[in-house]
Amino acid sequence: MNFTFHYLLMANHLMLQKHFFNNIKELKLTLGQPKVLDYLQQNNGAMQKDIAQGCHIEPASLSTILNGMEKNGLITRNMDKQNRRNINIFMTEKGKEICKCIEQEFIAIEKKIFHNFSEKEVKQLTEYMIKIYNNLEEKQ
């Protein structure tokens, strides 16, 4: 089989996702929820539009994700006191605990991914991935 770069990128992403969700299935998270919790870990209290942008999720899709997270007690929505049109999203204690589990799973997966890689290779690959990200993020 001829492995093109785009095929390998998509296949690796899907395999990572499959391993990740298989290992956290007891948490009963949907596809976008770990990404949102990870974002909120660094940006707790963010507005919905900022979460959508930071997670590369369409606002309508994020709305559905947040509804499920709120229903399951992972987040709360609070109206901004200075601007009532803005709603800030906060992780609950339950959300924070699940976020710790997610973080541990990502550490375990990265350990598996980088097995037999030197520290230099990991750093180099990370730098390449950042370059790719920046190139794709540029507005055309």
Side-chain angles (χ1 to χ4, degrees):
M1 179 172 199
N2 184 15
F3 290 115
T4 61
F5 179 76
H6 70 271
Y7 172 82
L8 288 169
L9 199 57
M10 289 188 296
N12 283 322
H13 171 73
L14 290 171
M15 286 192 300
L16 182 143
Q17 214 170 30
K18 183 178 178 180
H19 282 280
F20 176 76
F21 277 99
N22 188 50
N23 292 344
I24 65 155
K25 61 184 162 202
E26 72 279 352
L27 298 177
K28 296 180 174 39
L29 298 175
T30 62
L31 197 57
Q33 291 178 350
K35 190 182 328 184
V36 172
L37 287 171
D38 191 49
Y39 181 85
L40 287 173
Q41 186 174 24
Q42 299 298 318
N43 303 281
N44 207 21
M47 291 187 297
Q48 190 167 329
K49 67 178 178 65
D50 296 327
I51 297 169
Q53 184 178 8
C55 293
H56 304 283
I57 300 172
E58 291 299 319
S61 298
L62 179 61
S63 211
T64 303
I65 292 167
L66 292 176
N67 287 341
M69 292 175 76
E70 188 172 34
K71 182 180 176 187
N72 292 327
L74 304 177
I75 61 155
T76 59
R77 301 177 203 221
N78 297 334
M79 193 176 304
D80 189 323
K81 293 174 184 159
Q82 295 172 342
N83 185 345
R84 293 180 171 263
R85 288 181 289 162
N86 293 337
I87 303 219
N88 301 94
I89 312 298
F90 293 90
M91 272 196 292
T92 61
E93 287 306 312
K94 180 179 178 182
K96 290 175 184 176
E97 286 302 312
I98 287 180
C99 201
K100 288 177 188 173
C101 295
I102 290 168
E103 197 173 346
Q104 291 304 309
E105 186 54 37
F106 277 129
I107 289 168
I109 287 175
E110 285 186 20
K111 186 176 179 180
K112 182 176 183 171
I113 288 170
F114 293 122
H115 177 72
N116 292 330
F117 276 65
S118 70
E119 205 173 299
K120 182 180 176 185
E121 288 171 323
V122 171
K123 184 178 181 202
Q124 200 170 29
L125 179 58
T126 303
E127 288 171 358
Y128 291 152
M129 295 300 288
I130 290 168
K131 279 184 175 184
I132 291 168
Y133 180 87
N134 288 335
N135 287 344
L136 292 173
E137 191 178 49
E138 287 179 4
K139 304 290 183 223
Q140 298 291 330

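All heavy atoms count here, side chains included; hydrogens, waters and symmetry mates do not. The first residue in the sequence is number 1, and the count goes up from there. Every value quoted in this text rests on a predicted model; they were computed, and no experiment measured them.
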| Co-membership, hydrophobic cluster, residues I87 and F90, 4.5 Å side-chain | no

| So how far is it from F21 CZ to K28 NZ, rounded to the nearest 0.5 Å? | 14.0 Å

| Less than 4.5 Å apart, any side-chain heavy atom of Q17 and any of I109? | no

| message | As a quick check of understanding, evaluate side chain to side chain contact (heavy atoms under 4.5 Å, CB included) for I102 and L29, giving each step before the final call. | response | CA-CA 10 Å; I102 290 168; L29 298 175; 3.7 Å; yes

| task | Look only at the side chain of N67 and the backbone of S63, and say whether a donor-acceptor pair between them is shorter than 3.5 Å. | result | yes

| For N22 and K25, which heavy atoms make the closest approach, and how far apart are they? | OD1-NZ, 3.2 Å

| Should we count CD of E26 as having more than 12 external heavy atoms under 6.0 Å? | yes

| query | Under a 4.5 Å cut-off applied to non-hydrogen side-chain atoms, are L16 and H19 in contact? | reply | no

| message | To the nearest 0.5 Å, what is the distance between OH on Y128 and CD on E121? | response | 10.5 Å

| field | Nearest-0.5 Å distance, CG of residue D38 to SG of residue C55 | value | 8.0 Å

| remark: Which of E103, K100, K96 passes side chain to side chain contact (heavy atoms under 4.5 Å, CB included) with Q41? It is E103

| query | Distance from N135 atom CG to I130 atom CD1, nearest 0.5 Å? | reply | 12.0 Å

| Would I98 end up clustered with L31 when hydrophobic side chains under 4.5 Å apart are linked, directly or stepwise? | yes

| message | I want to check something: taking the side chain as every heavy atom from C-beta on, are L40 and I51 in contact at a cut-off of under 4.5 Å? | response | yes

| message | To check you understand the geometry: which heavy-atom pair defines the closest contact between Q48 and P59, and what is its length? | response | NE2-O, 3.9 Å

| task | For the residue pair Y133 and H56, categorise the inter-ring angle as parallel (less than 30°), tilted (30 to 60°) or perpendicular (more than 60°). | result | perpendicular

| Given E97 and K94, is the salt bridge (Lys or Arg N to Asp or Glu O under 4.0 Å) satisfied, shown in steps? | CA-CA 5 Å; E97 286 302 312; K94 180 179 178 182; over 6 Å; no

| task | Would you check, one step at a time, whether the test side chain to side chain contact (heavy atoms under 4.5 Å, CB included) holds for I57 with Y39? | result | CA-CA 12 Å; I57 300 172; Y39 181 85; over 6 Å; no

| I113 with M129, same ILVMFWY side-chain cluster at under 4.5 Å | yes

| request: Hey, could you give me the OG1/CZ distance between T126 and F114, rounded to the nearest 0.5 Å? | output: 5.0 Å

| Mind checking whether V122 and L9 sit in one hydrophobic cluster, side chains of I, L, V, M, F, W, Y counted as touching below 4.5 Å? | yes

| remark: Residues R77 and I89: closest non-hydrogen pair is CG-CD1, 3.6 Å

| message | Show, in sequence, the C-alpha distance, side-chain angles and deciding distance for Q33 and L27, and conclude whether the side chain to side chain contact (heavy atoms under 4.5 Å, CB included) test is met. | response | CA-CA 11 Å; Q33 291 178 350; L27 298 177; over 6 Å; no

| said: Can you tell me how far apart CD (E105) and CD1 (I24) are? Round to the nearest 0.5 Å. | reply: 7.5 Å

| said: Strictly distance-based, threshold 3.5 Å: is any side-chain N or O of N12 a donor or acceptor partner for the main-chain N or O of L8? | reply: yes

| Does the pair N88 and M47 meet the rule for a side chain to side chain contact (heavy atoms under 4.5 Å, CB included), with working shown? | CA-CA 5 Å; N88 301 94; M47 291 187 297; 3.7 Å; yes

| field | Enclosure of E127 CD (heavy-atom neighbours >12, cutoff 6.0 Å) | value | yes

| field | Y7 OH: over 12 foreign heavy atoms closer than 6.0 Å | value | no

| field | Non-hydrogen side-chain atoms of L62 and Q53 separated by less than 4.5 Å | value | no

